[in-house]
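Below, chain A is the first sequence line, B the second, and so on; all start at residue 1.
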Amino acid sequence: MSKLSPLMEQYYREKKQYPDALLLFRVGDFYETFAEDAVVVARDLNIVLTSRQKDDEGNKIPLAGIPYHLAGIPYHALDAYLARLIRAGHKVAICDQVEDPKLAHGLVKREITRVVTPGTIIEPAMLDEASNNFLAALVREEGMEGTEKTGRLGLALVDVSTGEFLTTEIDERSLGAELAKFRPAECIASFAPACECSRLQILDQAVFSRESASDALQSRYGEGWMDRLNLGDRPLSLRACGAILSYLHSTHFDALGHLRDVRHYSGSQFMVLDDVTLRNLEIIRNIRDRSRRGTLLEFLSRTRTAMGSRTLSRWIQMPLLSLDAIERRLSAVEELVNDPLLRESLAEELKGSADLERLMSRVSCGSASPKEMVVLRLSLARLPALQAILEKAGSTYLSDLRLRLSPCPEVVALLERSIADDPPSHLREGGVVKEGYHEEIDQLRSLLRDGRGWISALESKERDRSGIRSLKIAYNNVFGYYLEVSRANLHLVPPDYIRKQTLANAERFITPELKEMETRVLSAQERSVSLEQEIFASVRSTVAGYSLPIQERAAAMAELDVLAAGSNGRAGCAGSPGGSCLRERPGPAGVQPGGQNLPAGSTASRSG
DNA sequence: CTACACTTCGGGAGAC
DNA sequence: GTCTCCCGGAGTGTAG
């Protein structure tokens, strides 16, 4: 019988942990896929499907009777391909090399480090900045497993890309309206819901048990979680929240420092806009192509930040019912309408501000790049200016926002001191840590400067010695440092040069002293880069400790953005000078709080 | 036993 | 400027 190679044994060991996912298996510089996965990946990514062995005519054949196709992508291109696989509807498990190959005995150790699903992504390239990306969990009250759809449900929603975590308990017949509102990218459930539900997975009942949920909540929120999160008398919410945390854990998404406390909401706080209403009034998506073109959202979309556009879309879909809350918003908007200077300076300050919520999620998960850390600093550095602008605001909402926008001077100062102002986007070549932040880095860099200075001094010394005016010393990855002499001057080359490479118009040489200096320069370089990676990771994790306060400020910026955008739209309205029109109808008429205007039978069509 | 060829895709180096 | 080639890197397989 055929026997698998050690690598393939390792591959199948990992593969069987997530049989429903494509496994991207890191081998050297590539993420490989094998066998059936390779066939799928080659088709969906339009990359070459190859094989280890070829027959006499050069055709690819299976190895030892086992289909041994392979298709792979270089590791640095992972994000782009991952986005395409997720968009094509796949679940993708990433298996990485978890030990240094230089120190490994035999096969390098490999482990699955993340399972990427539509509801657990934090890569900006894979997300729409103007909408949330929710993962939903649904659990149904016991004893309701029959066919009637009258049970109570626990619904939990988490957006790991922003850290938002919401829950509610609802009647099963209003599920369609809830899902239409949040449009989760992925759902897990303890039962098969009667309405349309994207990327639905029905998981084992144990995941939704009270015990399992309690454990999951305790491990994220610590002792006292039940009171702090107010879940004591909401058993369905508790189970849904716990299930969602367990599911995140099963995808190795454990870096949840940025996940905020669970927020309860209830249908009675907001006007119910069911899926039919949302669709027919073209509030978020139009009827024709389901894009934003021509919708209310697009009409109102004057926000300056991504956070603001997400908040705006939430506000539109969940209109307030409380008169006090509506008044509060309107007073703020009115003040902004009447004070163009205030409005304009806020808009100006918000413009170009980064998506702090999503940045912080990436910081917290350890995936933020050096450039992203700089963007974070620049955005946080705007807080004092925003506060100063709001200094003269009189409405309670704007004054509250001013307080909520208090700066984070420690974080800004740390980033300012430690990260270069214009760092490279990745950590591979160093240049990330700022001069003066770390003594050893500074020493290594001065060593490197001396070494390079020595090499350029050698260049002029060798020019003088040989009389070759055009002689130059250069570097490439294949030969390291070398002396290059053009063809015309080859007769002048000193006898101690060692020839390494011949080009069309030149030859390349080395000398022992050049190679000796090269070794010193390269080892300093290597040490420097690995030290920079350590320092960067430690700065990032320090900043991650500020996730919650920074996300609180991000939320305040988002609200401010929506208010400023709303007032801008109003001021631009022909025939409505001032804000007088704002208060004609403070509360939407004819709304029944918590009313269920969606008959059970009218839930969205479903197939199968 | 060692040496070497070979395997995806992207990017850099070299040729023109 | 564009076009072409070959390396990255861990692992496998084969030739000597």
(request) Would you mind reading off the distance between A:F25 atom CZ and C:dA10 atom P, rounded to a whole angstrom? (result) 14 Å
(message) For a quick check of understanding: with a heavy-atom distance under 4.0 Å over all strands, which category does A:E32 fall into, base, sugar-phosphate or nothing?
(response) base
(request) Scan side-chain atoms only and decide if A:E14 and A:Q17 contain a donor-acceptor pair under the 3.5 Å cut-off. (result) yes
(message) Just checking A:N46: does its CG atom have more than 12 heavy atoms from other residues, nucleotides or ligands closer to it than 6.0 angstrom?
(response) no
(message) Roughly how many Å apart are B:dA5 and C:dC6, using the C1' atom of each and rounding to a whole number?
(response) 14 Å
(message) If I take atom CG in residue A:D79 and atom P in nucleotide B:dG10, what distance separates them, rounded to the nearest angstrom?
(response) 14 Å
(message) Applying the 5.5 Å / 30° rule, does A:F30 stack onto the base of B:dT8?
(response) yes
(request) For A:L7 and C:dA10, give me the distance from atom CG to atom P, rounded to whole Å. (result) 12 Å
(request) Could you work out the separation of C:dC7 and B:dC4 based on their P atoms and round it to a whole Å? (result) 14 Å
(message) My understanding is that a pair needs two contacts under 3.5 Å, Watson-Crick or G-U wobble. By that rule, which nucleotide pairs with C:dG9?
(response) none
(request) Remember a base hit wins even if backbone is also touched, and classify A:Y81 as base, sugar-phosphate or nothing at under 4.0 Å, heavy atoms. (result) sugar-phosphate
(request) Measure the distance from CZ on A:R428 to P on B:dG11 and round it to the nearest whole Å. (result) 10 Å
(message) Does A:E516 have more than 12 heavy atoms from other residues, nucleotides or ligands lying within 6.0 Å of its CD?
(response) no
